[in-house]
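Computation of the quantities below employed the complete heavy-atom set of this structure, encompassing side-chain atoms and omitting hydrogens, waters and symmetry-equivalent molecules. Per chain, numbering begins at 1; letters A, B, ... match sequence-line order.
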Amino acid sequence: MLQAPDEARALGPQHKYASEITRMPVRVRFAPSPTGYLHMGGARTALFNYLFARNQGGTFVLRIEDTDLERSKPEYTEVIHEALDWLGMTVDEGPYFQSQRTAIYQAKALELLEAGNAYKCFCTPEELEADRERALKEGLKQMYSRVWRDRRDHPEGLPFVVRIKAPLEGAITIDDMVQGPVTVGAEELDDFVILRSDGSPTYNFVVVIDDATMNISHVIRGKDHLNNTFRQIPVYTALGFDVPIFGHLPLIDGLSKRKGSMSVQHYRDLGYLQEAVINYISRLGWSHGDQEIFTMDELIEFFGFDHVGRSSGRFDDDKFLWVNAEWMKRLDDRDLATRWLPFLAKAGFEVSVDERLLGIVAVMKERAKTLVEMTEAAHYFFSDEVTLDEGAVKKWFKPGLEVIFEDIVADLSALQSWTPEHVQAVYDAHCAKHEVGLGKLAQPTRVSVTGNTVSPGLFETLYLLGRETTLARLKAGLAIMKERAAGDA
RNA sequence: GGCCCGUUAGUCUAGUGGUUAGGACUCCGGCCUCUCACGCCGGUAGCACGGGUUCGAAUCCCGUACGGGCUACCA
């Protein structure tokens with residue numbers, strides 16, 4: 001993996017190496033730290049791993065990187081797993097926990113120590129800090145001095161860390177599936193710490209051992225790890241491991257700012273559909289021609305690194321909302337109704353999936369962008385507490401209407417069959433009889449029955465409301481009309 | 001500071017030397033219409049900048065600017 005600079009640049013040997021590994025079974029991993037909820041950025045990393053695994057007939061491994069005991073919390077592992085499940089990414093293997101593998105890491109560190117590929121460093125944190133400050137002041141590279149790299153005069157009983165011996169010359173080139181060939185010279189590489197003074201291993205060491213011993217063929221992760229890759233490769237080499245193929249995904253801007261508002265379950269609670277989340281994040285950095293809407297099956301079929309972009313994207317709430325609205329329309333009524341239930345229950349509407357609910361879903365789903373929005377927009381179907389909007393009443397309850405509505409109420413009461421068609425026939429008849437447009441009657445009806453001027457088609461709405469409710473609300477509206485007419489006179 | 005990476009409309013993107021630079025979200029018109037929404041039609045808006053290479057560059061090379069990442073006994 002290490003070679004002279006010009007050779008590395010000219011040969012691009014990883015090309016050859018990569019193709020050899022490609023014939024091996026694909027094993028990828030998603031390796032989050034359990035320090036919080038699964039955020040949209042992490043979900044996308046997981047998704048790209050998952051899609052690649054499924055597309056290649058490979059294995060999707062979950063590994064929990066909980067070596068940071070300070071910040072890691074066991075409950076977050078469950079939360080992350082739950083989010084993956086909800087999104088439909090089934091884990092084939094794991095979760096593995098780094099915290100349970102310390103013996104392996106220490107054994108490997110010892111192996112490196114004995115082979116002379118790593119060494120003990122007795123510098124104190126204070127000394128290192130002083131070195132860094134001096135380097136900063138003099139404009140030099142901020143890098144460990146390597147004073148202990150070849151020293152034999154180890155002091156007794158003093159705390160020490162173990163550092164890897166990074167190459168002193170040459171260059172390292174990787175052929176990244178996303179970034180293409182990237183080369184870093186050995187002069188940029190540091191002898192980084194692999195074992196802390198308390199004996200615990202560090203991330204850049206652990207990740208190599210895990211990926212290697214778990215036979216990970218392709219390491220797909222955020223681009224923030226790209227530079228670390230060059231630190232890690234000497235570890236692979238020193239331990240005699242094969243180097244996997246890397247794919248460093250562009251980062252997503254604007255995620256870290258709105259704190260807490262972008263975890264997967266946050267969007268789930270806002271009434272976003274699992275399909276929409278998958279669909280939207282898949283398009284952040286990946287594309288398939290002009291297609292915008294994808295099922296998971298399509299994503300699995302179409303996904304490939306040849307169409308993963310290199311530039312970072314931005315999370316766009318408007319577009320995400322649009323994707324969700326598309327999925328609301330696409331799901332069949334029964335499926336959507338089932339998913340709607342918890343939101344209705346939360347709003348205090350205890351209903352079940354029956355013909356009526358399916359009818360409501362059918363007319364509401366293309367009028368709402370989220371399940372939460374749909375709940376709010378459909379409240380009058382489930383609650384009798386409809387308060388008439390003052391402005392709407394003022395605008396639509398015109399004097400004279402009370403006469404017509406008296407008639408309409410009478411005719412509706414007498415209807416033998418309560419269907420949208422029969423209800424419409426009543427309204428049509430009164431439009432003709434009183435020589436008014438439907439709008440003049442529809443809006444006052446809508447206001448009476450829903451409290452406002454917005455609803456699905458009037459006759460569908462009245463049908464779904466049922467005769468009893470419709471008449472009760474119409475009569476209440478009529479009373480107000482009469483009141484206003486009397487006040488006017 | 002050093003190293004690595006990026007830059008097509010406000011946003012997500014197509015594009016791999018020859019296109020009137022395509023699609024989508026947003027926004028603005030219009031149609032449909034009992035309201036809203038959907039749908040349909042149309043519009044505004046883009047290759048960061050400067051040099052090359054080439055008959056020809058959004059596409060290739062160099063530089064500049066801007067943005068991001070890494071540079072820990074964090075992950």
Worksheet item: For His430(A) and Asp411(A), does a side-chain donor sit closer than 3.5 Å to a side-chain acceptor?
Response: yes
Practice prompt. For the side chain of Glu65(A), starting at C-beta, report the closest nucleotide among A75(B), C5(B), A24(B).
Written response: A75(B)
Practice prompt. Name the closest nucleotide to the Arg310(A) side chain, picking from A24(B), G6(B), U35(B).
Written response: G6(B)
Worksheet item: Going by an N to O cut-off under 4.0 Å, is there a salt bridge joining Asp190(A) and Arg231(A)?
Response: no
Worksheet item: Considering every strand shown, what is the Watson-Crick or G-U wobble mate of A72(B) when both distances are under 3.5 Å?
Response: none
Worksheet item: Which one is paired to A58(B), where only Watson-Crick or G-U wobble pairs with both distances under 3.5 angstrom count?
Response: none
Discussion item. What's the closest nucleotide to the side chain of Asn204(A) if the choices are G39(B), A75(B), C36(B)?
Written reply: A75(B)
Worksheet, complete the sentence: Considering only heavy side-chain atoms of Ser197(A), the closest of U71(B), C73(B), G22(B) is C73(B)
Worksheet item: Which one, U11(B), G23(B), C4(B), comes nearest to the side chain of Val184(A)?
Response: C4(B)
Practice prompt. Taking atom C1' in both C36(B) and G43(B), compute the distance separating them and give it to the nearest angstrom.
Written response: 24 Å
Fill in: 5'-most by nearest nucleotide on RNA chain B - Glu292(A) or Gly439(A)
Glu292(A)
Discussion item. Heavy atoms from C-beta onward define the side chain here; which of C3(B), C12(B), A75(B) lies closest to that of Arg283(A)?
Written reply: C12(B)
Worksheet, complete the sentence: The side chain to side chain donor-acceptor pair (under 3.5 Å) partners of Trp327(A) (sequence neighbours excluded) come to Asn279(A)
Worksheet item: Taking Tyr280(A) as the fixed residue, which of Phe294(A), Tyr267(A), Trp322(A), Phe315(A) is the one that meets the ring pair (Phe, Tyr, Trp, His ring centres under 6.0 Å) rule?
Response: Phe315(A)
Practice prompt. Select base, sugar-phosphate, or nothing to describe what His225(A) touches, counting heavy atoms under 4.0 Å on all strands.
Written response: base
Discussion item. Among C12(B), U71(B), C4(B), which nucleotide has an atom closest to any side-chain atom of Arg231(A)?
Written reply: U71(B)
Practice prompt. Output the single nucleotide from C5(B), U7(B), C70(B) whose closest atom is nearest the side chain of Ser311(A).
Written response: U7(B)
Discussion item. Starting the side chain at C-beta, find the nucleotide from C12(B), A75(B), U35(B) nearest to Arg314(A).
Written reply: C12(B)
Worksheet item: Do Leu189(A) and Phe230(A) have side-chain heavy atoms sitting under 4.5 Å apart?
Response: yes
Worksheet item: Any idea which of A75(B), G22(B), A24(B) is nearest the Asp290(A) side chain?
Response: G22(B)
